[in-house]
Amino acid sequence: MSKNYLLGIDIGTSACKVAVFDRNGQVMAYANGDYPVYYPREGWVQQNPEEWWQAVCGAIKECLSKGEISPEQIAGVGIDGQSWSAIAIDKDGNVLTDTPIWMDTRAQEICDRLNNEIGSENIFEVAGNSLQPSYATAKILWYKENMPEVYSRIYKILQSNSFIAYRLTGAVTQDLSQGYGLHCFDMRTGTWDAQMCEKLGIPMEFLPEIVPCDQVVGTVNEKAAAQCGLAAGTPIVAGGLDAACGTLGAGVIHPGETQEQGGQAGGMSICTDTYKADPSLILGFHVVPGKWLLQGGTTGGGGVMRWFEREFADFERSRKEETGKSSLDQLNQIAQEVPAGSEGVVFLPYMSGERSPIWNPYAKGVFYGLDFSKTKGHMVRACMEGVAFSLRHNLEVAEKAGAQVKVLRAMGGSANSLLWTQIKADITGKDVVVPASDTASTLGAAILAGVGVGFYKDYEEAVSLTVKETRRQQPDPSRKEVYDKAYRTYRELYDSLKHMMVRQ
């Protein structure tokens, strides 16, 4: 049986996504697998990696069944995953505790102490990233100080995609693009820095071997095949960071090309072929060899709208059958009826603290400008605009660091909203291109597998075959003045309130 297809797995925050693609990037089948996010205390946000694995197994089986695809037709599997996990496993591969995820800020005091003892500048010089509690580094040390019974049994620390690769193959690895989560990772050379490991107090034996993102790390073993439905012997590549795979899946492989992220989180990833670091931003290796990604990562992306819909859209949900439109589509419609700038309503989208460029784990979401004349539509549009303002803030910092950005290539669920992508174009002043697939992350993971197994000769061929442009939205100059004014309010609001956004 010919091996015609590639399979991509995306370990997201609220669900995993699995998709099968043909050589031209056409989605042959698609399935999701949900799992919970746990919030046991303020600042704690964690997940159970075993629940990821169970969801992945279910989604793979559903995907193959829906597409009537034989497991033997899969030429290779790529995996992408959320950033900054710290999955502690023992020598038998058992998960020792739930992993704090990228929204978790419990280790702020550890970061403060290390930045003081080692010197924040010294850490940044090696890692190319400032030491913040959302990264994996301090989470490992948090285990040491607060879970000694777990820490004493740690064999390796894995990331989200490497954990799934381990479950599929038994291979313990660390892909290059996820290395940026650890501050003992040298961002210039892509290797572990033994001296910084010692300074931070992270044993080097906890850290897996670093491998290229498109390297075949193993094949599906018999046990995994029985659990997930893939054929034993199917090649698995290391995979990479979800934002980096999404960047590849959006067609960003050349310097200056930029992905705009609209999944649970927001932000952007700018491709560069030279080392460009800024303490306010995030720097990591691209999944494409020889490239870096200068990133802005925010907590408020598409998740802001999911939160708003969950809490305030009972009426729209009740009218779904009557209108034939989802609650999100209805919210989009009422937001479209509100003028640009939301008539003075401004929203700070700091719904789980905030990452770049303000790096404040205690930042809070804020609506400003409400009065009796304002409607739900004003609030919905202000949410969309607030996320776009955070994107503009990151882009401005990146451009000051020397990055050049002309066009944004959108990915994630929010790219399906014509209104939201137009708002982002208007606020940033950049063209927004939307590729054909709204499964950019899984496509990027599949492309890694395709290059790794020789399905494609290189990334140029893969992108030329698989990534198509569906629409391009350009900034409307008539809205520039009102959005510039609203953006100034957005920036002044945080500056005025940040003295209150501190640990209580």
Check your understanding: Partners of Arg409 by salt bridge (Lys or Arg N to Asp or Glu O under 4.0 Å), sequence neighbours excluded?
Key -> none
Exercise for review: Check whether more than 12 heavy atoms from other residues, nucleotides or ligands sit under 6.0 Å from atom CD of Gln195, and answer yes or no.
Suggested key: no
Point to revise | Side-chain H-bond candidate by donor/acceptor type, Thr247 with Gln259, under 3.5 Å | key: yes
**Study point:** Pairwise side-chain contact, Ser390 with Tyr490, heavy-atom cut-off 4.5 Å (strictly under)
**Key:** yes
Practice item. Establish, from distance only, whether the side-chain atoms of Asp242 and Ser441 form a donor-acceptor pair under 3.5 Å. Key: no
Practice item. Output yes when Glu337 and Arg381 qualify as a salt bridge under the 4.0 Å nitrogen-oxygen rule, no when they do not. Key: no
Review point. With distance as the sole criterion, is a donor-acceptor pair present between the side chains of Arg106 and Gln108 under 3.5 Å?
Key: no
Check your understanding: Can you tell me if Gln330 and Arg317 form a side-chain donor-acceptor pair at under 3.5 Å?
Key -> no
Check your understanding: Between atom CD1 of Ile79 and atom CD1 of Ile9, what is the distance when rounded to the nearest 0.5 Å?
Key -> 5.0 Å
Review point. Given Tyr487 and Glu396, is the side chain to side chain donor-acceptor pair (under 3.5 Å) satisfied, shown in steps?
Key: CA-CA 12 Å; Tyr487 179 64; Glu396 287 180 349; 2.8 Å; yes
Practice item. Give a yes or no on whether a salt bridge exists between Lys364 and Glu42, defined as a side-chain N under 4.0 angstrom from a carboxylate O. Key: yes
Check your understanding: Among side-chain atoms of Gln132 and Ser134, is any donor-acceptor pair under 3.5 angstrom?
Key -> no
**Study point:** Leu131 side, atom CG; Asn115 side, atom CG - distance, nearest 0.5 Å
**Key:** 4.5 Å
Check your understanding: Are any of the side-chain nitrogens in Glu492 or Arg488 under 4.0 Å away from the carboxylate oxygens of its partner?
Key -> no
Review point. Only one of Tyr494, Phe367, Tyr368, Phe389 forms a ring pair (Phe, Tyr, Trp, His ring centres under 6.0 Å) with Phe347, so which one is it?
Key: Phe367
**Study point:** Glu145 vs Arg113, salt bridge (Lys or Arg N to Asp or Glu O under 4.0 Å): CA-CA, chis, key distance, verdict
**Key:** CA-CA 13 Å; Glu145 297 182 14; Arg113 185 176 72 241; 2.3 Å; yes
Practice item. Verify whether one side chain among Gln47 and Trp52 offers a donor that lies under 3.5 Å from an acceptor in the other. Key: yes
Check your understanding: Are any non-hydrogen side-chain atoms of Tyr180 and Leu283 less than 4.5 angstrom apart?
Key -> no
Review point. Under 4.0 Å between a Lys/Arg side-chain N and an Asp/Glu carboxylate O for Glu260 and Lys430?
Key: no
**Study point:** SB check Asp426 Arg479 (cutoff 4.0 Å)
**Key:** yes
Practice item. Taking atom types as modelled, find out whether Thr137 and His183 have a side-chain donor-acceptor pair closer than 3.5 angstrom. Key: yes
Point to revise | Listed once per pair and sorted, the ring pair (Phe, Tyr, Trp, His ring centres under 6.0 Å) pairs that draw on residues 96-117, sequence neighbours left out | key: none
Exercise for review: Mind checking the CG-CG spacing from Leu448 to Asp80? Nearest 0.5 Å is all I need.
Suggested key: 8.5 Å
Check your understanding: Looking only at side chains, do Ser269 and Gln295 share a donor and an acceptor under 3.5 Å apart?
Key -> yes
Review point. Do Gln174 and Ser162 have side-chain N/O donor and acceptor atoms under 3.5 Å apart?
Key: no
Practice item. Check whether any side-chain heavy atom of Glu399 lies under 4.5 Å from a side-chain heavy atom of Asn394, and answer yes or no. Key: no
Point to revise | Carboxylate-amine/guanidinium proximity below 4.0 Å for Glu385 and Lys424 | key: no
